[in-house]
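Attaching a single structure in structure tokens format; questions to follow.
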Amino acid sequence: MFDTLLIANRGEIAVRVIRACREMDIRSVAIFSEADRRALHVLEADEAYCVGPPPSAESYLRIDRILEVAEKAGAQAIHPGYGFLAERAPFSRAVKEAGLVFVGPSPETIEAMGDKTEARRRMQAAGVPIVPGVTETISSPDAAGEIAQEIGFPVLLKATAGGGGKGMRIVQDPADLPRAFEAAGREAQAAFGDGSVYLERFLDAPRHIEIQVMGDRFGRVLHFGERECSIQRRHQKLIEEAPSPVVTPDLRGEMGAAAVRAAEAVDYLGAGTVEFLFKDGEFFFLEMNTRLQVEHPVTELVYGVDLVDLQLRVAAGEPLTLEQEALVPTGHSIECRITSEDPHQGFLPSTGRIDHLRLPGGPGVRWDGGIINGFEVGLHYDPLLGKLIVHAPSRGAAIRRMARALDEMVVRGVETCIPFHRKVMDERDFRDGNLSIQYLEEHPHLMDGEEEEDILRAAAATVAILQEKERNRLRITPVSGGESPGFSAWKRAGRPFSGRR
Amino acid sequence: MRYFVTIGEKEMEVELGPGEIRVDGDEVLADLVELDGSEVHSLLLGQSSHRILVARNGTGDWALHMSGRHLRARVVDERTRAIRELTPVKEGSGNAKALRAPMPGLVVEVAVQVGEEVVAGQGLVIVEAMKMENELKSEGKGRISKIFVEPGQIVEKGEVLVEFEAPGDPEKGSEG
């Protein structure tokens, strides 16, 4: 096993990997941008190195600087987390060429799966069902128009190098296609440094169900069942759970086998996720993410495994010793992504300094966070502050547990999506397991700011009392005259409503 | 003293008398205490217990965090309200409306030109924040009278991006 690991990431995932290092007696090396000097991953790591100014392109994406730090710190391996360089083959290759271990698959595997059109071809060949569409990059808006006419509207434009909803556009109307094509290309260029896009048929209101896989250096690939991630906004997942309310043990076996075939087709090493769209009992390959997912904790809780620990072990050359038949999910787990976005204003990003943080606790509650009191949430990076995860014996109990944990949690200084999550936990379709990737569009009231009566009354009473206390404080200081008749602040002092300090 | 508390769309009346409190006319017992130095308050309203984190924001409003919610409350006492009602309100400056940045970000594209007629829902400016592009749309019909930003520019929340005149604004002629 390695004795020193560099984590080429920030935020909650960097903290997650550092935690695994601590438990495995591995020295952790963090990198940070000038904006992140006070970030939690810097505070938690054994060593930390500044790699440049705030923009990612000048810091977290600088392969040369990261390799320099690895050498200086004596790291034998690099964990890329997710996002940033995690799915960039040149990075995996550069790490290998520097004589270090990349915690993840080979550059060839990343290339095969990262090029979404090639991935579709490979999957088709491996007998994994795919969504109807093209298997080639599209060169112009006109070409896109022709193909779209062939496969029929609505269509989905996607970044060839993509993931995470960036560079993605649904187009309902042919007239909107040229503009959407340009916007998707521009967003893809900004996010991945590659502006090429492709097209596939847009399935109406499917579920998003994905399978976790793990491969070792001996060619063995295991699957760890599914995660349902249907609750999304603009293809960004908000709530994930395991198991899916619609996946039976038989279907799990079938989807798991397909995911293992997909991974084997590209000689998969390490942790990966095969994403499927699921509609009316059928599933279609969407893409494979060749990295650890944000939502990996729900799998960890129902399977009782530590995926980062396993990642590091297989990267170091250890074989997987678990047996597929022994991998059976226990209970139910739900994750809510806590982001600095205001659900009452269309999930607008919010920035500010976190000046009060109260984390929930109690049975079955886990917080994987990247924030700390006093941390400044800026605009340079992803709005994910952390993940609240619960585990309980049943789905119903997990929902009640999540509602309870959300009620306990307080984040002040930025707006967060906590109020949205809290409402989802009470929502009928969510409770019944009636989910699709259209869930948000179908439940717009979850984004409005309407509050329950008793909450409003308590809030109103509180501010009125505080306002009166403030008045009294001001009036107690001796003033000459001007006092209105019929009001005596002195007599009120010490009454129950005015409280004690 | 009576207080009028506004939270979101809803206004409530709270009357504080000696040892009693009325919320929208209903009498309840209320006991509010602060955990020293923490801004955390415990409210017992009747016997129902609420943990409330309270702060005053820059504009004099109250910010409350309770039960997973973040509420903003504006409170005014009856006398202040009476005085305000007697003070005439200043008129706004004509019909000209403005598109403001709803969040800080980077201007990626300005899709309109000065003098252009726009309709409700038409995309005006694309602002990128946290790596996502947000298309800011026109709230109504109008003609663009001024554009304050260009692609590549960083804007703050609330900054005016585009100003436009309502349709048929007679005093603005053919300039631009």
Side-chain angles (χ1 to χ4, degrees), chain A residues 165-166 179 183 186-187 190-191 234 236 340-341 345-346 348-351 355-356 358 379-383 403 406-412 415-416 418-419 421-422 449-451 454-468 471 484 487 491-492 495-501, chain B residues 1 3 5 7-10 12-21 23-24 26 28-34 36 39-41 43 45 48 50 52-55 62-71 73 75 77 79 102-106 108-109 126 128-135 157:
Chain A
K166 281 157 195 138
R179 214 178 140 65
R186 199 164 47 221
E187 219 173 87
R234 288 173 156 201
Q236 292 273 13
S340 53
E341 295 174 308
Q345 292 191 55
L348 273 183
S350 163
T351 58
D355 71 349
H356 190 105
R358 179 182 196 259
L379 269 179
H380 293 288
Y381 314 111
D382 198 271
L406 287 165
D407 278 349
E408 287 180 10
M409 183 157 187
V410 181
V411 180
R412 193 177 70 188
E415 298 297 333
T416 73
I418 292 173
H421 288 306
R422 184 62 188 82
E450 217 167 281
E451 299 296 350
D454 60 329
I455 300 266
L456 289 174
R457 291 166 69 90
T462 301
V463 296
I465 292 167
L466 291 171
Q467 189 89 7
E468 173 122 323
R471 260 176 84 92
S484 63
F487 181 87
K491 282 183 188 166
R492 304 261 156 100
R495 299 288 187 195
F497 68 75
S498 68
R500 298 175 296 272
R501 284 188 61 87
Chain B
M1 176 66 75
Y3 292 87
V5 181
I7 299 172
E9 307 275 285
K10 190 168 160 88
M12 283 160 289
E13 189 183 309
V14 182
E15 191 173 352
L16 301 180
E20 65 166 46
I21 178 169
V23 181
D24 280 343
D26 300 332
V28 274
L29 281 169
D31 183 28
L32 183 74
V33 298
E34 183 182 355
D36 284 341
E39 299 178 314
V40 177
H41 289 69
L43 173 72
L45 194 63
S48 78
H50 301 268
I52 309 175
L53 178 69
V54 182
W62 297 90
L64 291 88
H65 286 77
M66 54 191 295
S67 308
R69 278 99 170 155
H70 177 192
L71 308 176
V75 55
D77 63 62
R79 280 187 306 164
M103 72 290 196
L106 174 77
V108 178
E109 189 189 329
I126 297 176
E128 185 193 296
M130 287 168 171
K131 296 191 276 181
M132 294 292 282
E133 287 192 3
N134 301 279
E135 187 174 33
K157 180 176 177 174

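All values reported here derive from a predicted model rather than from experimental measurement. Order of the sequence lines fixes the chain letters, A, B, ..., with proteins taken first and strands second; residue numbering starts at 1 for each chain.
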Self-check item: Under 4.5 Å from any heavy atom of chain B - which part of A/Glu451
Solution: side chain

Exercise. Against chain B, label A/Ile418 side chain, backbone, both or neither, depending on which of its atoms sit under 4.5 Å from a heavy atom there.
Key: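 Its backbone and side chain both get close to chain B.
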
Quiz prompt | Test applied, side chain to side chain contact (heavy atoms under 4.5 Å, CB included); reference residue, B/Leu64; option that passes from A/Leu466, A/Thr462, A/Ile455 | solution =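 In the set A/Leu466, A/Thr462, A/Ile455, the residue that makes a side chain to side chain contact (heavy atoms under 4.5 Å, CB included) with B/Leu64 is A/Thr462.
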
Exercise. Assess whether salt bridge (charged side-chain N to carboxylate O under 4.0 Å, His left out) is satisfied between A/Arg179 and B/Glu109, documenting all intermediate values.
Key: CA-CA 12 Å; A/Arg179 214 178 140 65; B/Glu109 189 189 329; 3.7 Å; yes

Quiz item: Between CD1 of B/Ile21 and CD of A/Glu468, what distance do you get to the nearest 0.5 Å?
Solution: 9.5 Å

Quiz prompt | Contact summary for A/Val411 and B/His65, nearest pair of heavy atoms | solution =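 Scanning both residues, the minimum pair turns out to be O-NE2, 3.4 Å.
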
Quiz item: By a 4.5 Å heavy-atom criterion (distance strictly below it), what part of A/Ser350 contacts chain B: side chain, backbone, both, or neither?
Solution: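 Only the backbone of A/Ser350 comes within 4.5 Å of chain B.
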
Practice problem: Carefully, step by step, assess A/Arg471 and B/Met1 under the rule side chain to side chain contact (heavy atoms under 4.5 Å, CB included). | Solution: CA-CA 11 Å; A/Arg471 260 176 84 92; B/Met1 176 66 75; 3.2 Å; yes

Quiz item: What option among A/Ala190, A/Ala403, A/Ala458, A/Ala183 has the most heavy-atom pairs under 4.5 Å with chain B?
Solution: A/Ala458

Quiz item: If you count heavy-atom pairs under 4.5 Å between each of A/His421, A/Arg412, A/Met409 and chain B, which one has the most?
Solution: A/Arg412

Quiz prompt | Closest-packed option against chain A by number of heavy-atom pairs under 4.5 Å, given B/Leu53, B/Val14, B/Leu71 | solution = B/Leu53

Quiz item: Nearest heavy-atom pair of A/Ala461 and B/Val23: which atoms, and what distance?
Solution: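 Scanning both residues completely, I find the closest heavy atoms to be CB-CG2, 4.4 Å.
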
Quiz item: Which atom pair, heavy atoms only, marks the closest approach of B/Ala30 to A/Ile465?
Solution: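 Of all heavy-atom pairs spanning B/Ala30 and A/Ile465, the closest is CB-CD1, 4.1 Å.
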
Quiz prompt | Among A/Glu408, A/Glu341, A/Glu450, residue most engaged with chain B (heavy-atom pairs, under 4.5 Å) | solution = A/Glu408

Quiz item: Given the rule in the side chain to side chain contact (heavy atoms under 4.5 Å, CB included) test, do B/Arg69 and A/Val410 qualify, once you have shown the distances and angles that lead to the verdict?
Solution: CA-CA 8 Å; B/Arg69 278 99 170 155; A/Val410 181; over 6 Å; no

Quiz item: Between B/Leu45, B/Val40, B/Ile126, which shows the greatest number of heavy-atom pairs under 4.5 Å with chain A?
Solution: B/Leu45

Quiz item: Under a 4.5 Å heavy-atom cut-off, does chain A meet the side chain of B/Glu13, its backbone, both or neither?
Solution: neither

Self-check item: Nearest heavy-atom neighbours spanning A/Thr351 and B/Pro104
Solution: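 Distance-wise, the nearest heavy atoms are OG1-CG, 4.1 Å.
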
Exercise. Flag the one option from B/Lys157, B/His50, B/Glu9, B/Met12 with the top tally of heavy-atom pairs under 4.5 Å to chain A.
Key: B/Met12

Practice problem: Drop me the distance from B/Leu43's CG to A/Arg457's CZ, to the nearest 0.5 angstrom. | Solution: 11.5 Å

Practice problem: Give the member of B/Gly8, B/Ala63, B/Ser67 that has the highest number of heavy-atom pairs under 4.5 Å with chain A. | Solution: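 Answer, by heavy-atom pair count under 4.5 Å with chain A: B/Ser67.
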
